[in-house]
Protein chains: 2
Amino acid sequence: MKNKQKQVQLRDVQDVIEIIGGRWRGAILASLCDRQKRFNELKRDLGDITPRTLTKELKYLEVNKLIIRNAEEGASNAVTYRLTEHGESLEPLIGAIVTWGQKHRKMILS
Amino acid sequence: MKNKQKQVQLRDVQDVIEIIGGRWRGAILASLCDRQKRFNELKRDLGDITPRTLTKELKYLEVNKLIIRNAEEGASNAVTYRLTEHGESLEPLIGAIVTWGQKHRKMILS
DNA sequence: AAAGTCAGTATCTTTTAGGATACTTTTAGA
DNA sequence: TCTAAAAGTATCCTAAAAGATACTGACTTT
């Protein structure tokens, strides 16, 4: 494989990791793989995320077209978040991450 | 699936992303998937990483048993880095990341 | 009608990641 | 023998990520 090809691969890795990276984004996406959820539901799932951070990360994921924010008409306090098709395409990847984590996490984080 | 199980999955995701996350770690690992490499070789592969950062990240990966640093006897300026078995077990995951990136990167980072 | 829940905002502060730049020591090559 | 490369270290600095804490306005439940 040519060298230029490899560079591109490295950039792919960097970009993907930027998208799902950070402390929360991957976990938020993983949580939404299960089913669509509401703000506070996510907040509870994620444990000790602060609302400020959750808002910010959700906005990021929305801007990058991985999730959709849906505020139901009239009821301003009923908001759901769900994956876009794009977001759903991440499922196998997230699955692979979980699987690897289950096998190897403990050996590494001693 | 029970709720506790799901929490664990989220933590798996968070932990794995911490390990391969950040701007460089994933790319370093991806570069070493190819074959073992030396410090400056990695530096060139990665483009604009500073030596300070590269040193730091390599040390992190070594401590976490994903790579091995090998300084050849006597020759203090011949150092190679390669994946451990643990590190090699990440290959499919990194492959999946690259594949997803190739398909979806452009649509997201407009 | 009061209390609680939902979906956030607003500030402020701390922590961490990572860049810029210059320097060093050992070894290899011309 | 002089020069260059390899493999880093040492300082200093900035920007971004994320926590702590308090607050708000809309709606629901009792």
Side-chain angles (χ1 to χ4, degrees), chain A residues 10-11 13-32 35-64 66-82 109, chain B residues 10-11 13-32 35-64 66-82 109:
Chain A
L10 297 193
R11 298 208 38 190
V13 171
Q14 288 183 304
D15 286 349
V16 174
I17 284 178
E18 187 187 327
I19 288 167
I20 66 169
R23 185 161 172 194
W24 299 111
R25 296 213 270 265
I28 290 170
L29 290 167
S31 177
L32 290 176
R35 56 178 170 75
Q36 76 176 113
K37 286 185 183 158
R38 299 175 56 166
F39 188 87
N40 279 313
E41 204 171 357
L42 282 167
K43 194 151 131 23
R44 278 187 295 267
D45 274 16
L46 295 165
D48 53 1
I49 194 173
T50 63
R52 172 186 180 277
T53 300
L54 182 54
T55 302
K56 248 191 37 188
E57 299 301 339
L58 287 170
K59 206 158 282 171
Y60 176 93
L61 292 172
E62 197 193 353
V63 167
N64 287 284
L66 293 169
I67 65 172
I68 289 170
R69 176 186 185 278
N70 200 291
E72 268 151 60
E73 282 296 312
S76 84
N77 64 350
V79 179
T80 57
Y81 294 91
R82 62 188 162 83
L109 306 171
Chain B
L10 297 192
R11 298 208 39 187
V13 171
Q14 289 184 303
D15 286 349
V16 173
I17 285 178
E18 187 188 327
I19 290 167
I20 68 170
R23 184 163 172 195
W24 300 111
R25 295 211 270 265
I28 292 170
L29 290 167
S31 177
L32 290 176
R35 55 178 171 73
Q36 75 177 113
K37 285 183 184 159
R38 299 176 54 165
F39 188 86
N40 280 312
E41 204 170 356
L42 282 167
K43 194 150 131 25
R44 279 187 295 268
D45 274 15
L46 295 166
D48 53 359
I49 193 171
T50 62
R52 172 185 179 276
T53 299
L54 182 53
T55 304
K56 249 190 36 185
E57 298 302 340
L58 287 170
K59 205 157 282 171
Y60 176 94
L61 292 172
E62 197 194 354
V63 167
N64 287 283
L66 292 168
I67 66 172
I68 289 169
R69 176 184 184 281
N70 199 293
E72 267 150 61
E73 281 295 313
S76 85
N77 64 349
V79 179
T80 56
Y81 294 90
R82 61 186 164 83
L109 304 171

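Naming: A, B, ... by sequence-line order, numbering from 1 per chain. Computed from a predicted model, the values in this text were never measured in an experiment.
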What closest approach, in Å, do A:G26 and B:V13 show between heavy atoms, and which atom pair accounts for it?
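Distance-wise, the nearest heavy atoms are C-CG1, 3.5 Å.
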
Donor-acceptor pair, side chain of B:R25 and main chain of B:I19, under 3.5 angstrom
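It does hold such a pair.
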
Say whether, by atom type as modelled, one donor and one acceptor occur between the side chain of A:S31 and the main chain of A:A27 under 3.5 angstrom.
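No, because the side chain of A:S31 does not come within donor-acceptor range (under 3.5 Å) of the backbone of A:A27.
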
So what does [X] touch, heavy atoms closer than 4.0 Å: a base, only the sugar-phosphate, or nothing?
| X | result |
| --- | --- |
| A:R38 | sugar-phosphate |
| B:R52 | base |
| A:R25 | nothing |
| B:E57 | sugar-phosphate |

Report the nucleotide, chosen from D:dG19, C:dA7, D:dA7, that has the shortest atom-to-atom distance to any side-chain atom of B:R69.
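The closest nucleotide is D:dA7.
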
Report the nucleotide, chosen from D:dA7, C:dT9, D:dC27, that has the shortest atom-to-atom distance to any side-chain atom of B:V79.
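Nearest to the side-chain atoms of B:V79, counting from C-beta on, is D:dA7.
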
Salt bridge check: are B:R35 and B:E41 linked by an N-O gap of less than 4.0 Å?
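Between B:E41 and B:R35 there is a salt bridge, with a charged N closer than 4.0 Å to a carboxylate O.
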
Using whole Å, report how far CG of B:D45 lies from P of D:dA6.
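In whole Å, D:dA6 P lies 13 Å from B:D45 CG.
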
Given atom CZ of B:R44 and atom P of D:dG8, what is their separation to the nearest angstrom?
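In whole Å, D:dG8 P lies 14 Å from B:R44 CZ.
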
Which is more 5' along DNA chain D, the nucleotide nearest A:W24 or the one nearest B:T55? Just name the residue.
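Looking at the nearest nucleotide for each, B:T55 comes out on the 5' side.
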
